[in-house]
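Data block below; observations after.
Throughout, protein chains are lettered first and strands after them, A, B, ... in sequence-line order, and every chain is numbered starting at 1.
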Amino acid sequence: MLDPRRLRTDLDAVKAGLARRGLDLSEIERAAALEAEERSLKATVEGLRAQVRNLSKEVGQARKAGDVATAEAKADESRRVGEDERKLDAEVARIGAELRDILLRTPNLPADDCPGGASEHDNVIVRVEDYDAGAYGDHQRVPHWEVGATLGILDLERGAKLSGSMFPVFRGQGATLGRALCQLALDRNADAYEEIRPPSLVRTDTMVSTGHLPKFADEGYHLERDDLWAIPTAEVPLTSLGRDEIIPEADLPMRLMAYTPCFRREAGAAGRDTRGLLRVHEFDKVEILSYATPDQAAEAHADILARAEGSLKALGLAYRVLDLCAGDLGASAARTFDLEVYAPGCDMWLEASSVSWFSDYQARRANIRYRPATGGGTNVVHTLNGSALAVPRVWAAVVETYRRPDGSVAVPEALWPYFRGARSISG
RNA sequence: GGAGAGGUGACCGAGUGGCCGAAGGUGAUCGCCUGCUAAGCGAUUAAGGGGUGUAAAGCCUCUUCGAGGGUUCAAAUCCCUCCCUCUCCGCCA
């Protein structure tokens, strides 16, 4: 959520930022008007309330002194003032609700250095690593769903039988591969990030703090009977870990990581790039996340990006880094780098990680603050996160990249420690 | 799931309608005292919003005693709903 104060101190900058996203500005102007109105009415309501409190105090004193007539008179007066207050307060509540509703739906402002642009076509390719289009042999030009089926390590039919399409079943060394990828990511980041194993089902207010609700209600799996949501990413519980807390500055940056299942309904995505593991309803992922002061944010962002890249590099996969333009940025993000891993079999760049800086947008919703070392009031923290490794698409890239002419798949050297001595996946 | 007991500031804990944002204690910070340490003495010690102020300080004011709603001139205190914790029983990896 944007800082409501900026609506009166900094409205032009807010409008300029939202304009970069290509948004209509009438709503934010409405919000600014509501904010001013709410504040002025609130001052009046507070004055009335102060009167009620004082009069009530006088009622008590008069009664104690045995002066019933005065007590009655004061009580009557207080009742009248209270009536006025109630009426006005209802008006303030109505205005406040409308203001919050707009603010909750208004996305974050893009960072100043976020590239301009309207859609994914305007994203900037920052760099391409280890990619040589001519270097792939025919044996690598087989899509992972065929490789997986042939080797018996990916069973999409039975996944569909159990749970429907887009729920993959990994078997044998295929299952090992997925788990090994996660273990690799955890091991590579354990030097700086504390491992958390959060619940996979969370309450509605937990989903709201990260901005996944109310906007993306259609994307989440909801257990109606218990009013719980299956997490779409560990970002949700990890961000809420600090909710309503005040962190000493000395504890920042606070770095966390979690290996969790992720559940996404992918409503409306049916039929579009959904073959094999390109898009699934349930997958495993290692997420890394930081709470930081505004001053630490840039460095924290760079660290997460370097670590997300590091895993792909260690696996010997080709990938590229995209700087998302303002028009393609997620609603909560101020700046995002996407990592796309190259899968030679399907000849596609697959989004494997989104490394985002949310400035104080998420933290304001979640009410995560820190107390500066210098003392004084509290400030809202900045949050940043990214996938250290998301299984299905990286699994696909590994299987396609490492396929040999004989049809087997070599185990990347980085994963040897996790393969019980095996150097190859041959079904 | 059933029965019961609870949720108050960094922590412990008092508080059953007004003088309570809240006694007392612990911890912390500052100062005093003291060869040093310990003990002792004094002061300070929640968060947030609005206003005033060049700003810091200060001052005025509102909100918050698990959350939300209600009763009342007045709610930490009474009523309702929900959440959480603990104990016993039941069930169970």
Looking only at atom [atom1], what distance separates [N] and [M], rounded to whole Å?
N	M	atom1	value
B:A75	B:U63	P	9 Å
B:C65	B:A23	P	16 Å
B:C20	B:G13	C1'	16 Å
B:G21	B:U34	P	42 Å
B:G51	B:U37	P	49 Å

TODO: Under 4.0 Å from any atom of RNA chain B, heavy atoms only: list the residues of residues 4-15 of chain A that qualify, in numerical order.
DONE: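 Per residue number, the list reads A:Arg5, A:Arg8.
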
Any residue meeting side chain to side chain contact (heavy atoms under 4.5 Å, CB included) with [X], in chain and number order, not counting sequence neighbours:
X	answer
A:Gln183	A:Asp187, A:Tyr418
A:Asp303	A:Tyr193, A:Arg255, A:Arg307
A:Ala422	A:Gln173, A:Phe419

Task: A:Leu99 CG to B:G50 P, straight-line distance once rounded to whole Å - done: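 It is 13 Å, rounded to the nearest whole Å.
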
Task: Ring-face cation of A:Arg423 near A:Trp416 (centre distance under 6.0 Å, axis angle within 45°) - done: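 Ring-cation test returns yes.
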
Open item on the list: Give me each pair satisfying salt bridge (Lys or Arg N to Asp or Glu O under 4.0 Å) with a member in residues 378-387 of chain A, each pair once, sequence neighbours excluded.
Closed with: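 Pairs touching residues 378-387 of chain A that pass the test: none.
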
Open item on the list: Tell me which pairs pass salt bridge (Lys or Arg N to Asp or Glu O under 4.0 Å) where either residue lies in residues 166-181 of chain A, with sequence neighbours left out.
Closed with: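 Salt bridge (Lys or Arg N to Asp or Glu O under 4.0 Å) check on residues 166-181 of chain A returns A:Asp155-A:Arg171.
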
- [ ] For A:Arg39, check side chain to side chain donor-acceptor pair (under 3.5 Å) against everything at least two apart and list the hits.
- [x]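 By the side chain to side chain donor-acceptor pair (under 3.5 Å) rule, A:Arg39 matches A:Glu35.
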
Open item on the list: Taking only side-chain N and O atoms of A:Arg371, does any of them lie within less than 4.0 angstrom of OP1 or OP2 on B:A47?
Closed with: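 For A:Arg371, the contact criterion (side-chain N or O under 4.0 Å from OP1 or OP2 of B:A47) is met.
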
- [ ] Report, as a single string ordered 5' to 3', how protein heavy atoms within less than 4.0 Å touch nucleotides 57-81 of chain B: B base, S sugar-phosphate only, - not at all.
- [x] ----SSS---------BS-------

Result block: side-chain N/O donor-acceptor pairs under 3.5 angstrom for residues 161-170 of chain A, not counting sequence neighbours:
none

